[in-house]
Amino acid sequence: MAVRLIYQLFVKLLSWLALLARSSASKDVEILVLRHEVMVLRRGNPKPGLTWTDRAVFAALARMLPNLLRAHRIVTPATLLRWHRRLATAK
C-alpha cells in the first residue's frame with residue numbers, strides 16, 4: 001500500500017515537472033481545445049454532433065497540440081484524417 005502511494009506521488013510529481021517544461025503556447029492551445037470540447041459537451045446530447053465550425057476549430061488547434069495529447073481528445077488524429085478523406089472525395 002505504501003509503495004503504491006509513493007509510486008503515485010512520484011508519477012504526479014513527474015507530470016507536474018513535465019508541465020513546467022512545456023512552452024506557454026502549448027499550454028494555451030491545450031486550454032483552447034479543452035474549452036471548446038467543454039462547450040460541445042455542454043450541448044446536452046449523449047453523443048454530441050459536431051458542426052462544420054467545431055471541426056474546423058478542432059482541426060486547426062489539434063496541429064499545435066503535442067502528440068501525446070492528440071490521442072486523448074474528442075477529435076483524434078484518425079478522425080481528422082477521416083474528415084479530410086470525406087472532404088477530398090466530395091470535391
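Numbering starts at 1 and runs along the sequence shown. The basis for the numbers below is simple: all heavy atoms, side chains too, and nothing from hydrogens, waters or symmetry mates.
Checked against Glu30 for a side-chain contact (heavy atoms from CB on, under 4.5 Å), the options Val33, Leu34, Asp28, Leu32 give a single hit: Leu34.
Among residues two or more places apart in sequence or in another chain, the side chain to side chain contact (heavy atoms under 4.5 Å, CB included) test is passed with Ser23 by Ala25, Ser26. Every residue meeting the side chain to side chain contact (heavy atoms under 4.5 Å, CB included) condition with Arg85, not counting sequence neighbours, appears here in chain and number order: Leu81, Arg82.
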